[in-house]
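Letters A, B, ... are given to chains in the order of the sequence lines, protein chains preceding strands, and every chain is numbered from 1.
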Protein chains: 2
Amino acid sequence: MGTAPSRRLPTSEELAIWRAHIETFEIVRARIESRLQQDSQLSSGDYRVLLALNEAKGKALRSSELAAHIEWERSRLSGQLGRMEKRGLVRREPCAEDARGARVVLTEEGSRAFRASTRPHLRAIKDVFVDAFTPQQLAHLGEAAAAMRSHLNLDAAPDQP
Amino acid sequence: MGTAPSRRLPTSEELAIWRAHIETFEIVRARIESRLQQDSQLSSGDYRVLLALNEAKGKALRSSELAAHIEWERSRLSGQLGRMEKRGLVRREPCAEDARGARVVLTEEGSRAFRASTRPHLRAIKDVFVDAFTPQQLAHLGEAAAAMRSHLNLDAAPDQP
DNA sequence: GCTACATGATTCACGTGTCAACTAGATGTG
DNA sequence: CACATCTAGTTGACACGTGAATCATGTAGC
């Protein structure tokens, strides 16, 4: 099922849409990240880690669970946690069940920083992203993202042989 | 003119669209860049610089013209050019009219690399991006990008007092 | 138990981005 | 001409991302 993708190159209109889309939303991402940084001294990486830990039972996760949850490479997470630990946002402690592993624990300070960042961050998303569009356009964007995810076969069950 | 942006936070639907959009198109960008790297051993930064130089008269530009053209910070361009020069894609030569400046010249090798990269790169854009959508959806994406550009006041004349 | 392999996590080298400081040549004003 | 100031470009410190290599611990097969 599905139509065969045509073998031609993109037209100049298609190319222009690609370029406009990627360049524009790159700026959007940068603006929202910059607001997060200014408002809360957090990078988007910090925020993502704090969000995941905050939702976790006991505000702690095994490092590899965390990596899987936010879909990051392990080495990426390792570096990120190192920086966050230096700033006191998280703590790493040895894991009782598996001496190889580490539990990543949200500190009180990390928890406070996350709670304080949420509202202004959501606000920035509203101001910069949501308010740019009509409800129609926003719905179209949602559909486009869904179409893309299906095109790329994301959303597929992650552990299939 | 224009409706006042409401002061409420984004709804969970709006937030979901934001997250789906940014995460999905981050993956799209990564895939297309990875194809460019595999097909042509070029990063997207390399490609952008080569594209600009290739279009320039004499396949050369002053460093600051180049920076302005592709809208990069000067230090970013400086580092990029250093790496590209090491690989033989561009050459920097002193500038006759202004001894401070440098002319960035596309080398024969850089020109060849760019020409060889174009088709596979366009092909990747078609495969990964364009073919994910119906023509309607693609048009909607173009409109969304335009709405966002206008929301952010991009497209404004760059040199207004 | 011992060897082989799988797994959790870190480390290293490198490419890449930002911002602030710096160098050196241009320019404008007395 | 002397001085302040502007401009072109580089450099350095740091944050961040990737992939390969490394190290230690777990687990399976004998």
Can you tell me if the side-chain N/O atoms of R76(B) get under 4.0 Å from OP1 or OP2 in dT16(C)? no

When rounded to whole Å, the CD to P distance for the pair E73(A) and dA13(C) reads 19 Å

Picking from dC16(D), dG17(C), dT18(D), the nucleotide nearest the side-chain atoms of Q80(B) would be dG17(C)

**Item:** Ion pair E26(A)/R31(A), N-O distance below 4.0 Å
**Value:** no

Counting primed atoms, P, OP1 and OP2 as sugar-phosphate and everything else as base, the B/S/- map of nucleotides 21-27 of chain D against protein heavy atoms under 4.0 Å is ---BBS-

From CD of E85(B) across to P of dT11(D) the rounded distance in Å is 11 Å

Looking only at dT18(C), dG8(C), dT10(D), the nucleotide nearest the S63(B) side chain is dT10(D)

**Item:** D46(B) versus Q80(B), side-chain donor and acceptor atoms under 3.5 Å
**Value:** yes

Report task. Hey, can you tell me if F129(A) and F133(A) have their rings parallel, tilted or perpendicular (30° and 60° cut-offs)? Result -> perpendicular

ILVMFWY cluster, L141(B) and V28(B) together (side-chain gap under 4.5 Å): yes

> Hey, does the side chain of E93(A) reach the backbone of A102(A) with a donor-acceptor pair shorter than 3.5 angstrom?
Replying inline: no

Q37(B) atom CD is separated from dT18(D) atom P, nearest whole Å, by 13 Å

Considering only heavy side-chain atoms of R83(B), the closest of dG17(D), dT18(D), dT16(C) is dT16(C)

R29(B) CZ to dT16(C) P, in whole Å, measures 12 Å

Taken to the nearest whole Å, CG/L77(B) to P/dT16(C) is 13 Å

note: I70(B), atom CD1; dG17(C), atom P; distance rounded to Å ~ 10 Å

For R92(B), answer base if it contacts any base atom (sugar-phosphate contacts may also be present), sugar-phosphate if it contacts only those atoms, and nothing otherwise; contact means non-hydrogen atoms under 4.0 Å. sugar-phosphate

Rounded to whole Å, the CZ-P distance (R62(B) to dA8(D)) equals 8 Å

Rounded to whole Å, CH2 of W72(B) lies from C1' of dG15(C) at a distance of 12 Å

*Under 3.5 Å, is there an N or O donor on one side and an acceptor on the other linking the side chain of S75(B) and the base of dC19(C)?*
yes

The side chain to side chain contact (heavy atoms under 4.5 Å, CB included) partner of F114(A) among N54(A), L53(A), V49(A) is N54(A)

Would you classify S78(A) as touching base, sugar-phosphate or nothing, given that sugar-phosphate means primed atoms plus P, OP1 and OP2, and contacts are heavy atoms under 4.0 Å?
base

### Message
Tell me if a side-chain donor or acceptor on S44(A) pairs with a main-chain N or O of E33(A) at a distance below 3.5 Å.
### Response
no

